[in-house]
Each structure stands twice: as structure tokens, then as C-alpha cells.
Amino acid sequence: MANSVLNNNEIIYSQSPARERIRGLVWKLCVATLILMAIGSATRVMNAGLACPDWPLCYGKLVPMAQMNLQVFLEWFHRLDASLIGFGAIALMGLSWWHRQELPSWLPWASTFALGLIVFQGVLGGLTVTQLLRFDIVTAHLGTALLYFMTLLVMGMSMIPYKGTGNVGKLPWVGLTAAIFVYLQSLMGALVASQWALHQCFGIAELCTVMNSHIFGVVPPTLTTLTLVVMAWRTSALHPLLRKLANWSGLLVLAQIGLGVMTFRLRLQIELLTVSHQAIGAALLGTLVAFTVIALRDRQVAKA
């Protein structure tokens with residue numbers, strides 16, 4: 001009886017127009033956040049973090065046309081995208097609470113948590129400028145953006161229609177472990193970038209410990225991700241979506257290693273490589289989070 005009610009509720013939720021609108025908004029915010037992190041990386045590597053000397057305006061204007069150049073545009077567009085995401089987060093929370101009778105009970109609270117992350121992210125963004133790109137604030141800024149990105153992915157993947165096979169075994173925990181390792185490695189990469197550790201190490205032999213920690217830190221997430229791929233290949237009757245997400249994780253981790261090696265050998269001289277390195281890292285993290293959520297949903301089928 002309980003399973004019947006649950007299934008009926010799931011059908012109602014899937015057919016709810018409010019659920020579809022909210023799910024669409026969540027995916028739009030996911031894409032916008034991924035773009036925001038890529039633009040933030042470009043802003044850093046182009047030394048544009050302080051191109052707008054004030055905050056939240058830029059040269060005291062909404063659109064500083066007189067001062068506009070590439071660096072100012074990057075910083076200004078970064079703030080514009082962040083503002084749009086902020087308004088989107090407000091809309092997401094408002095819609096979730098307004099239509100809460102038609103939605104899973106956890107969704108309004110998750111959207112409220114997401115809005116809280118965006119508010120905190122905005123505060124960190126302001127401090128990044130006023131504190132002149134202090135490395136710990138810059139690192140926290142990226143870490144919060146990744147956490148917001150993961151929150152959106154958990155919400156989005158939890159709302160898509162899915163009928164599992166119940167044959168995932170330990171894959172959910174391997175996926176979760178890989179996601180945690182990638183997140184920690186991303187934070188270490190942010191420390192390397194915000195302190196310009198690679199330049200410092202090559203130039204004056206300082207901060208080499210920070211740089212080497214990031215280099216050797218690639219081992220745990222790589223091994224865990226590749227283990228996930230192999231286990232997915234060896235698991236019979238695995239849902240095609242899980243198999244596809246596992247394959248993408250393997251491809252992304254190999255691409256990330258390749259970009260990291262090229263970035264290191266070229267000593268950050270090609271900005272596009274550095275930006276791509278961070279963007280692929282965020283995409284890898286997102287893929288692992290998506291895999292973990294779907295695998296946990298699949299595991300519930302086995303328990304039932």
C-alpha cells in the first residue's frame with residue numbers, strides 16, 4: 001500500500017506543471033553556475049579580479065562603458081552572471097514554497113539552503129574585491145560556488161523520472177567518495193591558483209609545497225574515479241544512465257589530467273588551458289555527483 005501511494009505520488013509529481021518549471025529552472029541555474037565558474041577562472045588568469053575597483057558597482061556604474069576593456073568586461077560580466085543566478089535562486093525558493101503541496105517535502109528546504117549559499121557567495125565576492133584578492137577568501141569563493149553547483153545537481157537529479165534496476169551494489173559509495181576527493185582537490189587547486197603557487201615555485205622556489213600537494217593530490221580522485229568506471233563496466237544489468245555517467249567520469253578525469261600536465265609544462269602561459277582545466281574539473285565533479293544521486297535512487301529499488 002505504501003509503495004502504491006509512493007508510486008502514485010511520484011506520478012503526480014512528474015505530471016505537475018510546477019515541478020516541471022522548477023526542474024527547468026534548476027537546470028538553467030546549473031548551466032549558469034558552470035559558466036560563472038569558468039568566467040571566474042578567466043577573470044583570475046587574466047589578472048582582472050580587481051579590474052572593477054569598487055563593489056557591487058563597477059566604477060560606480062551598472063555598465064562602465066567608458067572604462068570597458070577585456071579585463072573590465074570579464075569582471076563586470078562575472079558579476080552580472082552572479083546577479084542573475086542570485087535572482088534565479090530567489091525565484092527557485094519562492095516557487096518551491098509556493099507550490100510545496102505539489103512537490104517533494106525536501107525541495108523547499110533544499111532551495112532555501114541553495115539561496116543561503118548564494119547570499120554567502122555574494123558576501124565572499126564583495127570581500128574578494130575589498131580584501132584585494134586575499135587567497136583564503138578567493139578559495140572559499142570557489143569552494144562555495146562548487147557547493148552551490150552540487151546542491152543544484154542533487155535537486156535536479158532527484159527530480160528527473162527514473163526507474164532503477166536495483167543492481168548498483170557499492171557503486172553509490174564509490175561515486176560519493178570520488179566526488180569528495182574531486183571537491184577537495186578542487187579546493188587545493190584554488191589555493192594553488194589564488195597564491196600563484198606555480199609561478200612562485202618556478203620563479204623564487206617558494207610555495208612549492210602547495211603546488212606539489214595539488215600534483216600528488218590528483219592520485220586519490222583519479223584512482224577512485226577509474227575504480228568507479230571499472231566497477232560500472234563489470235556490473236551487469238546496470239541502468240544505461242548510470243553506465244553513461246560512469247563513462248563520462250572516466251573521460252573527464254583523463255581529460256583533466258591531460259590539461260593539468262599541459263598547464264604545468266607550459267607554466268600557465270596559455271590562459272585557455274588554465275580555464276579549461278578548472279571547467280573540466282567542475283564538470284567532473286558534477287558528473288560524479290549526478291552519478292551518486294542516481295545510484296542512491298537505484299539502491300532504494302533494491303531495498304524495496
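Since the structure is predicted, the reported quantities are computational estimates derived from the model, not experimental observations. If you read the sequence from its start, that first residue is 1, and numbering goes on from there. Just so it is clear, the values below take in all heavy atoms, side chains as well, and ignore hydrogens, waters and symmetry mates.
Between Pro104 and Arg19, some side-chain heavy-atom pair lies under the 4.5 Å cut-off. Annotation: side chain of Leu187 is not in contact with side chain of Leu142 (no heavy-atom distance under 4.5 Å). Using a 4.5 Å heavy-atom threshold, the side chains of Leu92 and Leu152 count as touching. Counting heavy atoms from C-beta outward, Leu288 and Thr225 have side chains that approach closer than 4.5 Å. Side-chain contact between Met157 and Phe291 is absent, with no heavy atoms from C-beta onward closer than 4.5 Å.
For residues 233-258, the side chain to side chain donor-acceptor pair (under 3.5 Å) pairs, not counting sequence neighbours, are Trp233-Asn247, Gln256-His277.
Side chain of Thr165 to backbone of Ala237: a donor-acceptor contact under 3.5 angstrom is found. With hydrogens and angles ignored, the 3.5 Å screen pairs a side-chain donor or acceptor of Thr292 with a backbone N or O of Leu176. The closest donor-acceptor contact from the side chain of Thr144 to the backbone of His141 lies at 3.5 Å or more, if one exists at all. Judged by distance alone, the side chain of Arg100 and the main-chain N or O of Trp97 form a donor-acceptor pair under 3.5 Å. Between the side chain of Gln278 and the backbone N or O of Ala38 there is no donor-acceptor pair closer than 3.5 Å. For Ser111 (side chain) and Pro108 (main-chain N/O), a donor-acceptor pair under 3.5 Å exists by modelled atom type.
Distance check: Lys61 NZ to Trp76 CH2 gives 13.5 Å after rounding to the nearest 0.5 Å. Taking CE of Met150 as the reference point, atom SG of Cys30 lies at 11.5 Å (rounded to 0.5 Å). Summarising the geometry, atom OG1 belonging to Thr33 is positioned 11.5 Å from atom CG belonging to Leu147; distances are rounded to the nearest 0.5 Å.
Remark: Phe120 CZ is loosely packed, at most 12 non-hydrogen atoms of other residues, nucleotides or ligands lying under 6.0 Å away. Under a cut-off of 6.0 angstrom, the local environment of CH2 in Trp109 is sparse, with at most 12 non-hydrogen atoms contributed by other residues, nucleotides or ligands.
By the rule that hydrophobic residues join a cluster once side-chain heavy atoms approach within less than 4.5 Å of another member, Trp27 and Leu34 end up as members of one cluster. Criterion: ILVMFWY side-chain heavy atoms under 4.5 Å apart, direct or through other members. Under it, Leu95 and Met155 are part of a common hydrophobic cluster. Linking Ile, Leu, Val, Met, Phe, Trp and Tyr residues whenever their side-chain heavy atoms come within less than 4.5 Å leaves Val45 and Phe135 in two separate clusters.
As a member of the Ile/Leu/Val/Met/Phe/Trp/Tyr network built from side-chain separations under 4.5 Å, Val261 groups with Val218, Val219, Leu223, Ile257.
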Name the atoms and distances for all side-chain donor-acceptor pairs under 3.5 Å in residues 77-88, with sequence neighbours left out.
| unit_1 | atom_1 | unit_2 | atom_2 | d |
| --- | --- | --- | --- | --- |
| Arg79 | NE | Glu75 | OE2 | 3.0 |
| Arg79 | NH1 | Asp54 | O | 2.8 |
| Arg79 | NH1 | Pro56 | O | 3.3 |
| Arg79 | NH1 | Leu57 | O | 2.7 |
| Arg79 | NH2 | Cys52 | O | 3.4 |
| Arg79 | NH2 | Asp54 | O | 2.9 |
| Arg79 | NH2 | Glu75 | OE2 | 3.3 |
| Asp81 | OD2 | Leu36 | N | 3.3 |
| Ser83 | OG | Arg79 | O | 2.9 |

Begin from the C-alpha positions of Thr128 and Trp55 and carry the test side chain to side chain donor-acceptor pair (under 3.5 Å) through to its verdict. CA-CA 10 Å; Thr128 298; Trp55 187 89; over 6 Å; no

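The only option from Leu184, Thr177, Val182 that meets the side chain to side chain contact (heavy atoms under 4.5 Å, CB included) definition with Ile180 turns out to be Leu184.
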